[in-house]
Amino acid sequence: MTDQKSDSTPNDGSVDSNTSSNFIRNKIAHNLKENKHGGRVHTRFPPEPNGYLHIGHAKSICLNFTVAAENSGLCNLRFDDTNPEKESQEYVDAIKDNISWLGFQWNGQVRYSSNYFEQLYGFAVQLIESGKAYVCDLSADEAREYRGTLTEAGKNSPNRGRAVAESLDLFQRMRAGEFADGACSLRAKIDMASPNMNMRDPVLYRIRHIEHHQTGTEWCIYPTYDYTHCISDAIEGITHSLCTLEFEDHRPLYDWILHNLSLDSLHHASDLDKSDYDYVLPEQTEFAKLKLNYTIVGKRKLKEMVDTHVVDGWDDPRMPTLAGLRRRGFTAAAIRNFCESVGVARSESIVDLGMLEHAIRDDLDKNSPRAICVLDPLVVVLTNVPADHLETLDMANHPKNEEMGRRSVPFTQRIVIDRSDFEEVPPPGFKRLTAGGEVRLRGAYVIKCDDVVKDDAGKVVELHCSIDLDTLGKKPEGRKVKGVIHWVSESRGVPLQVHLYDRLFNVENPESKDIEDFRDCLNENSLIRLDNCIAEPSIAEHGAATSFQFEREGYYCRDEKESREGKLVFNRTITLRDSW
RNA sequence: UGGGGUGUCGCCAAGUGGUAAGGCACAAGGUUUUGAUCCUUGCAUGCGUUGGUUCGAAUCCAGCCACCCCAGCCA
């Protein structure tokens, strides 16, 4: 996906269900009513390119883009790339790709905080000149000691009273590369006794002689998040700066920086410079992060799982990353609907995985064509059918949506059914095939099991059944056959490998502080590979869909990464609900 | 124990002084050639807790309790 050229392309990431009110929508409606930003709503999604996006980011993406779209507003994509140490172009590319896949289009070109390095530098000079910032010689360790603690005030840096001219000179020399990493820093002059630690003369610039993925070696001083974010928002004309709860304590600093810069200079530096809109400073609003039970959403741990090969990569289908969910068979619409159903609030909560599962089942049930696949084949020989029999059965691709068309399924003398659909001694309530019992073959005939063939070890190897020729498309005479099972022609079916996925962790909260190492609660059975599956031939045809409901089993999608000519691999996205 | 937040059904969540929306989950019925889907019904005299104000409180006030975040030159 390349950068968007249009300035006003509406986002098409729509949601099926009705939207409900939340405090951010209410706040925006209120601002609109007061005409605070001249009717504008302009948000931004500001990831740091230091990892892949996950389901938690999806919540923020959906929030920012939909809230803008609902109000005919705009949403920027801005990479918050102020710490080159952990960032890379690989992540930039993956993030852009994920957002597009989710169905959103950002306003104009992709932005980078690093686009504003020169302006940011100029604003820093402005703060120094007005006595609001100074160059500090304290080392990181010393600064920590001077900062005080949660309950004790800090001490002023010895350089706090440094003359403006001297700080100006030093800052210029920091930029020129005269000092080693950590030798000094630029700090805001606020209040070392503030109960809010963020206000105890926070660092604005630090020295890092390191290459940046966007600016190369142009800079050796890099602005911090706190200093950069608010000014970047102001430059882009953001009206509502939405972020997560842990930044709440940073809001006073966000406001301090903007209010201690000249409003005119911010206005002139901004995208709104030549517009007719009044220039109003952006406002930060915080909401709770999305957490899901049985899963980890923490970049550090996700990266660790990738690096230590607990999973196969960022796009492993068990990962909560957008890349992983996509490969698993989740649709963008399902993720959008899920985010909408979860809502946005300020209380920290852990959403039940069942909600995500519901969202994907809901979408796939409506939109995926049906097919038949037998995961654990057991041969059934139809004794009253000729050995060379080949019949073509016509089946609907979707039970409720005729528009999805129909398909042909070959029926032969030897077929396979799933081993779990036969029981010699059935448990109470069992509705499938039993010795001597009858069952309906989905889309075909009713069969009766006459004979159970076993090997020397007593394992069932084959079933001999007779079919009732008068039951194709009609109910059997004089009796009721309750069960329906699926089947595939043994000779005409196509072999495939199927990957069965389950949750990665076997505890509800693998990120809990009680758990020292997440490796201790890994689900051993999170991936099961089935090598002998066999499916109806239509799924392998040229132009076939890539995502199906394998009837009575669940939703499966072709794994594009592992499938190749002559070797089909399918991933189980999610099982069907099962009340049996 | 300084500061900032949050507490409404098992899980999310609406509600902003007029008598507890919705979704998920769960349960019971019905339809069904997928034990799926779909349909119907049920599911908080109760809103962390204790007091107070009021004709009336989840909503206002006070106290208490629990949990989360903050002492990176990370974001």
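Reminder, nothing fancy here: chain letters follow the sequence lines and each chain counts from 1.
N22(A) places its CG atom 10 Å from the C1' atom of A14(B), with the value rounded to the nearest Å. Protein atom CZ of R407(A) is 13 Å distant from nucleotide atom P of U34(B), rounded to whole Å. Going from atom CD of E348(A) over to atom C1' of C68(B) covers 4 Å, rounded to whole Å. Atoms CG (N293(A)) and P (G10(B)) sit 15 Å apart, rounded to a whole Å. One atom, NE2 of H250(A), and another, P of A75(B), lie 10 Å apart when rounded to the nearest Å. Rounded to an integer number of Å, the gap from CZ of R144(A) to C1' of C74(B) is 13 Å. Protein atom OH of Y294(A) is 12 Å distant from nucleotide atom C1' of G10(B), rounded to whole Å. The distance from atom CD of E246(A) to atom P of C70(B) is 8 Å, rounded to the nearest whole Å.
Base orientation for G29(B): anti, the chi torsion being more than 90° from 0.
Partner E236(A) forms a side chain to side chain donor-acceptor pair (under 3.5 Å) with one of R44(A), R111(A), R78(A) and no other, that one being R78(A). Shown are Y222(A), F171(A), W219(A); of these, the ring pair (Phe, Tyr, Trp, His ring centres under 6.0 Å) with Y205(A) is made only by F171(A).
Side-chain N/O atoms of R346(A) include one lying less than 4.0 angstrom from OP1 or OP2 on U6(B). The side chain of R577(A) places an N or O atom within less than 4.0 Å of a non-bridging phosphate oxygen (OP1 or OP2) of C26(B). Considering only side-chain N and O atoms, S21(A) lies under 4.0 angstrom from the phosphate OP1 or OP2 of G15(B). The phosphate of U33(B) (OP1 or OP2) has a side-chain N or O of K475(A) nearer than 4.0 angstrom. Side-chain N/O atoms of K289(A) include none lying less than 4.0 angstrom from OP1 or OP2 on C12(B). Regarding contacts with the backbone of A13(B), a side-chain N or O of S349(A) is found under 4.0 angstrom from either OP1 or OP2. Remark: R206(A) is in phosphate contact with C74(B), judged by side-chain N or O atoms under 4.0 Å from OP1 or OP2. Between S579(A) and the phosphate of A36(B), there is a side-chain N or O to OP1/OP2 separation shorter than 4.0 Å. Side-chain nitrogen and oxygen atoms of N83(A) include none within less than 4.0 Å of the OP1 or OP2 phosphate oxygen of C73(B). Dashed line: the shortest gap from a side-chain N or O of S347(A) to OP1 or OP2 of C68(B) is not under 4.0 Å. Applying the 4.0 Å criterion to OP1 and OP2 of C73(B), one finds that R147(A) has a side-chain N or O inside that range. For H486(A), no side-chain nitrogen or oxygen approaches OP1 or OP2 of U34(B) to under 4.0 Å.
On a pure distance criterion of 3.5 Å, a polar donor-acceptor pair joins the side chain of D249(A) and the base of G3(B). Residue-to-nucleotide contacts include no donor-acceptor pair under 3.5 Å from the side chain of R552(A) to the base of U34(B). Side-chain N/O atoms of Q549(A) and base N/O atoms of U34(B) include a donor-acceptor pair closer than 3.5 Å.
Base pairing of A71(B) is not made with any nucleotide, judged by Watson-Crick or G-U wobble geometry with both donor-acceptor distances under 3.5 Å. Partner assigned to U6(B) is A66(B), using Watson-Crick or G-U wobble distances below 3.5 angstrom. Partner assigned to C60(B) is G52(B), using Watson-Crick or G-U wobble distances below 3.5 angstrom.
G22(B) and G42(B): their P atoms are spaced 11 Å apart (whole Å). Comparing the same atom, P, in C11(B) and in U16(B) gives a spacing of 24 Å after rounding to whole Å. Between the P atoms of A58(B) and C12(B), the separation comes to 22 Å (whole Å).
Of the candidate nucleotides U34(B), A71(B), C11(B), U34(B) has the atom nearest to the side chain of R370(A). Of all nucleotides listed (A71(B), C73(B), A14(B)), A14(B) comes nearest to the side chain of A345(A). If you check G2(B), C73(B), U37(B) against the side chain of V203(A), the one that comes closest is C73(B).
Both D137(A) and R440(A) lie close to RNA chain B; mapped to their nearest nucleotides by heavy-atom distance, the more 5′-ward contact belongs to R440(A). Nearer to the 5' terminus of RNA chain B, by closest-nucleotide assignment, is the contact made by R442(A) (compared with the other of R442(A) and R208(A)).
Geometric assessment of R162(A) against the ring of Y134(A) yields a negative cation-pi assignment under the 6.0 Å and 45° thresholds.
Taking the six-membered ring for Trp and thresholds of 30 and 60 degrees, F570(A) and F550(A) have ring planes inclined between 30 and 60 degrees apart. Ring orientation note: the planes of F247(A) and Y225(A) are tilted relative to one another, at an angle of 30° to 60°.
Atom NZ of K27(A) has more than 12 heavy atoms from other residues, nucleotides or ligands within 6.0 Å. Surrounding CZ of R300(A) are at most 12 heavy atoms belonging to other residues, nucleotides or ligands under 6.0 Å away.
Applying the ring pair (Phe, Tyr, Trp, His ring centres under 6.0 Å) criterion to Y91(A), with sequence neighbours excluded, gives Y52(A).
By the 5.5 Å and 30° criteria, Y225(A) is not stacked with the base of A75(B).
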